[in-house]
*Asks:* 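A single structure is presented below for examination.
Quantities reported herein were computed from a predicted structural model and do not represent experimental measurements. Hydrogens, waters and symmetry mates play no part in the numbers below; they use all other heavy atoms, side chains included. We name chains A, B, ... by the order of the sequence lines, and we start the count at 1 in each one.
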Amino acid sequence: MTDGVGVELENLWIRFGEFVAVRDASVNINGGDFFSFLGPSGCGKTTILRAVSGFLQPSEGRVLIGGRDMAGIGPNKRPTALIFQNLALFPLMKVWENITFSMEVRGASASERRRRADELLEMIALEGQGNKLPGELSGGQKQRVAIARALCAEPDVLLLDEPLSALDLKLRQHMRTELRAIQQRVGITFIYITHDQGEALTMSDNVAVMRAGVIEQIGTGHAIYDLPATPFVASFVGENNVFRGKVLEVKGDEALIRTNRSGDLLAQITPAARGVLKVGDDAMMFVRPEAFSLVDDAGAHAGKSLTARVVNEEFEGNSYSVFLESEGGKRIKMSLPNVGQERVVSTGDDLILKYELRNAVAMPAGELASE
Amino acid sequence: MRHNVLVSRLALGLYLVIFFGYLLGPLVIMSMTAFNSNPFPTISPWDCFSFEWFQVLADDERILRSIRNSVVIGLGTVVLSVAMGLAAALLLTQIWPRWRATYYTIIIAPILIPGVVLGISTVVFWDRMSRFLGPATSDLFHNGIFLTVLGQSTFIASYTMLVFVARLQRYDPGLTEAALDLGATHVQAFRKILLPFMRPAIASAAVLAFLASFENYNTTTFTFGRYPTLTIELAQKVRYGINPSISALAFIIVMLTVFFALSAEAWRRGRMKMAGQAGGDPVPQRAGILPAFLRGNWAAVVLVLFSFVAITLFWTARSYSPEQCKAEVRAAKQAEAAKRREELLRRREEMRRQQQMKGPDIFAPSGRPAAPGASGRPDTDRAPFGGVFDPGNLEGQSGTGNAPRDGSPPQGGTEPQTGAGTGAENGEEPGNGGNRTTPFGSVFDPGNLSGTAGN
């Protein structure tokens with residue numbers, strides 16, 4: 001899937017007066033990729049999207065689509081189509097007129113438009129609904145109409161600005177798979193903006209995690225989840241237990257960290273910090289709740305285990321969340337899969353938790369995503 | 001407790017009656033005067049039910065021409081002020097937020113400026129412009145229609161802008177962006193997205209502008225030139241004496257208003273019903289004698305009844321003739337007038353006799369001119385001042401036509417006599433507006449006047 005049109009951002013800066021919305025962003029998006037920008041609201045991801053679609057001119061740097069510099073080219077001349085957060089369906093036009101608006105402005109005949117609308121309506125499973133007004137459709141149907149309208153323009157790059165945020169959970173999950181399927185069918189580049197890490201991870205080939213206008217990490221969903229580059233990414237994407245401490249020893253890609261409240265623990269150094277993290281540095285170490293497992297004896301897992309007492313547990317259907325407190329008073333969360341057994345733990349139990357080295361990541365201390 | 005509720009209900013009911021009476025009473029009374037054959041717009045005395053004032057109105061060339069002028073000017077104002085208002089409203093949404101308040105104040109100012117000032121400034125400005133640009137522009141820049149449209153639009157555009165701003169606040173600018181993103185040019189985005197969205201507002205702004213233009217007087221009065229509008233013509237008529245043909249015009253306007261209001265309501269309800277059906281919301285179908293489009297739509301029912309009454313009225317008017325009644329009223333009034341004349345003669349005779357006994361009264365001549373002079377008569381063409389001093393001249397001359405013309409009794413304190421005189425005279429000559437009066441010598445007998453003045 002590399003025959004699509006790629007998008008490149010070169011040292012992109014976007015400022016609004018004093019405020020810097022995007023700071024020196026450089027991304028290379030392959031043609032035909034499903035690429036997501038993930039970040040909390042206000043991190044500048046929508047700004048990047050507007051720069052790509054042409055509603056904003058970058059203050060510095062370049063936007064290239066298919067290798068062509070887009071400076072000075074208006075949104076109506078770019079090979080992009082944007083799906084707006086609120087969808088922005090034209091309320092006074094019928095569904096089929098909405099879908100084929102891009103043909104209308106090019107002067108296509110009504111019969112031609114009708115034909116194309118029928119094709120697209122079939123694709124989005126809304127056959128026969130073309131004569132309704134957008135107001136008469138449900139949320140998910142509107143969503144699909146917006147997608148069809150954008151696809152009708154036959155863009156090289158489809159930009160999606162949190163299009164699923166208004167839908168309820170079930171529909172959102174359904175639309176995720178559907179979007180991914182559509183993307184694979186049409187084979188064009190999708191750039192997707194979201195603050196929902198689940199959406200980003202399930203759909204994307206590649207994800208860029210942003211914080212305060214800065215791209216913190218670009219990589220596949222796996223890379224971002226398993227080997228976060230910064231404390232922000234580690235804490236923003238998925239749940240994580242963070243252990244603060246100082247680096248006691250560095251051995252190749254591994255580091256021994258004297259944590260403040262949980263003893264000495266071993267972790268692998270995240271690729272971005274290899275050679276950077278030195279003995280004596282302030283460090284952070286992350287272990288995901290599901291990476292812990294229970295053992296009877298700590299002896300065999302020196303440096304990769306800790307003891308803690310169960311404070312509380314919550315049943316979540318597919319798993320239990322167990323909240324523990326270490327001897328030093330550190331709060332730890334672990335999750336145990338629900339495989340049909342009776343209560344595995346109970347409040348007040350002292351447990352020994354162990355983890356595998358590949359599941360623990362160490363990096364220089366930094367800012368976490370705010371809760 | 002219940003007693004209190006009852007009292008407050010009654011008070012509310014009474015208030016509503018008074019309120020609507022205050023609101024609609026004048027309209028009702030004015031409409032009724034259109035059907036009274038009495039040449040003065042009044043419902044008491046009620047002479048005869050008559051449609052003659054509609055005929056008078058239809059024959060009034062000046063009124064008809066002024067209506068045409070009003071319509072032309074109204075349409076011109078609609079076009080100009082809707083365009084300007086829309087542009088101003090769009091600019092308001094585009095302008096830098098920091099300047100928005102200032103801009104808004106400037107653009108709204110014409111509403112606060114007195115219309116008189118706008119009228120004068122329009123005339124002066126375009127007069128200067130025509131001098132500046134040369135004589136070729138003189139015809140246009142001094143044309144009443146041109147000036148009136150421009151003068152009215154200066155403030156009506158502010159009204160329309162308010163309508164547009166209200167609508168634009170509900171516009172999602174994302175829609176324009178979406179259109180641009182899908183390849184539309186800015187012009188296409190405006191024409192295909194924003195303009196259709198603004199259409200309801202454009203319609204209401206157009207109606208508003210037309211009505212505001214149609215009823216405008218104080219700006220127009222400076223700008224109309226050779227094209228008087230209806231309001232100007234009516235004002236001129238009032239100045240020179242009115243007759244119920246103006247009530248007839250008012251009646252027609254009221255009826256048209258009611259008709260359009262009902263039509264709009266019926267249409268709106270019809271659409272609501274259709275929308276309800278389209279949404280799969282079955283409207284309760286009451287089986288009845290009414291056809292489907294009238295069911296559950298009271299406005300449509302009233303509209304049909306209204307139209308029916310109007311058509312009936314129209315056909316009645318074509319065949320109805322109140323001649324019989326008018327003749328009777330005339331006879332009755334003549335009889336009454338004769339009676340009064342005799343009584344006056346008798347009283348005058350009595351007075352003469354008294355004066356002869358007393359000798360000439362030196363205060364009487366100086367007192368006399370005060371009576372007609374105080375009756376607020378601006379024109380003195382009929383009764384030269386000199387003649388006033390001559391009691392003999394006063395007889396049958398001065399004071400005639402004066403009272404019926406301005407409608408207020410002379411302040412000389414002769415109410416009963418003059419009032420009767422008006423009635424009698426009207427009965428004599430219906431339809432001439434009471435301008436050209438046959439002097440009812442004895443009714444307006446100045447002897448009577450002098451009697452009071454001498455008191």
*Asks:* Could you list which of residues 167-183 of chain B have a heavy atom closer than 4.5 Å to any heavy atom of chain A, in residue-number order?
*Replies:* B/Asp172, B/Gly174, B/Leu175, B/Glu177, B/Ala178, B/Ala179, B/Leu180, B/Asp181, B/Leu182, B/Gly183
*Asks:* Quick check on A/Ala88 against chain B: is it the side chain, the backbone, both or neither that has a heavy atom closer than 4.5 Å?
*Replies:* both
*Asks:* Quick one: what part of A/Ala146 sits under 4.5 Å from any heavy atom of chain B, side chain, backbone, both or neither?
*Replies:* neither
*Asks:* Does either side chain, that of B/Thr231 or that of B/Glu215, offer a donor lying less than 3.5 Å from an acceptor on the other one?
*Replies:* no
*Asks:* Quick one: does any side-chain atom of B/Ser158 pair with a main-chain N or O of B/Ile107 as donor and acceptor, under 3.5 Å?
*Replies:* yes
*Asks:* Could you tell me whether A/Arg176 and A/Asp196 have a side-chain N and a carboxylate O separated by less than 4.0 Å?
*Replies:* yes
*Asks:* Restricting to non-hydrogen atoms, name the atom on A/Pro155 and the atom on A/Thr80 that form the minimum distance, rounded to 0.1 Å.
*Replies:* CB-C, 3.8 Å
*Asks:* With distance as the sole criterion, is a donor-acceptor pair present between the side chains of A/Gln141 and A/Arg144 under 3.5 Å?
*Replies:* no
*Asks:* Within this structure, what is the CG-CZ distance for the pair A/Asp168 and A/Arg172, rounded to the nearest 0.5 Å?
*Replies:* 8.0 Å
*Asks:* Nearest 0.5 Å, please: how far is CG in B/Leu211 from CG in B/Asn216?
*Replies:* 12.0 Å
*Asks:* Give the minimum heavy-atom separation between B/Thr154 and B/Pro110, together with the two atoms involved.
*Replies:* O-CB, 3.4 Å
*Asks:* Has the side chain of B/Ser213 got a donor or acceptor atom that lies under 3.5 Å from a matching backbone atom of B/Ala209?
*Replies:* no
*Asks:* With a strict 4.5 Å heavy-atom criterion, list every residue of residues 90-112 of chain A that contacts chain B, or say none.
*Replies:* A/Phe90, A/Pro91, A/Leu92, A/Met93, A/Phe101, A/Ser102, A/Glu104, A/Val105
*Asks:* Checking side-chain contact (heavy atoms from CB on, under 4.5 Å) for the pair A/Ile124/A/Leu151: CA distance, chi angles, key distance, verdict?
*Replies:* CA-CA 11 Å; A/Ile124 57 169; A/Leu151 291 177; over 6 Å; no
*Asks:* Can you tell which part of A/Leu87 gets under 4.5 Å to a heavy atom of chain B, answering side chain, backbone, both or neither?
*Replies:* neither
*Asks:* To the closest 0.5 Å, what do you measure between CD1 (B/Ile145) and CG (B/Asn69)?
*Replies:* 5.5 Å
*Asks:* Non-hydrogen contacts under 4.5 angstrom with chain B: give the residues of residues 47-55 of chain A involved, or none if there are none.
*Replies:* A/Arg50, A/Ser53, A/Phe55
*Asks:* Taking salt bridge (Lys or Arg N to Asp or Glu O under 4.0 Å) as the test, write out the residues that go with B/Arg68, two or more places apart.
*Replies:* none
*Asks:* Please classify the contact of A/Arg149 with chain B as side chain, backbone, both or neither, using a heavy-atom distance under 4.5 Å.
*Replies:* both
*Asks:* Taking A/Arg62 for the side chain and A/Met70 for the main chain, is one N or O donor matched with an acceptor at less than 3.5 Å?
*Replies:* no
*Asks:* Aromatic rings A/Phe19 and A/Phe16: how do their planes relate, parallel, tilted or perpendicular, breaks at 30° and 60°?
*Replies:* parallel
*Asks:* Hey, is the main chain of A/Val207 close enough, under 3.5 Å, to the side chain of A/Ser36 for a donor-acceptor pair?
*Replies:* no
*Asks:* Can you tell which of A/Leu82, A/Asn86, A/Ile83 has the highest number of heavy-atom pairs within less than 4.5 Å of chain B?
*Replies:* A/Leu82
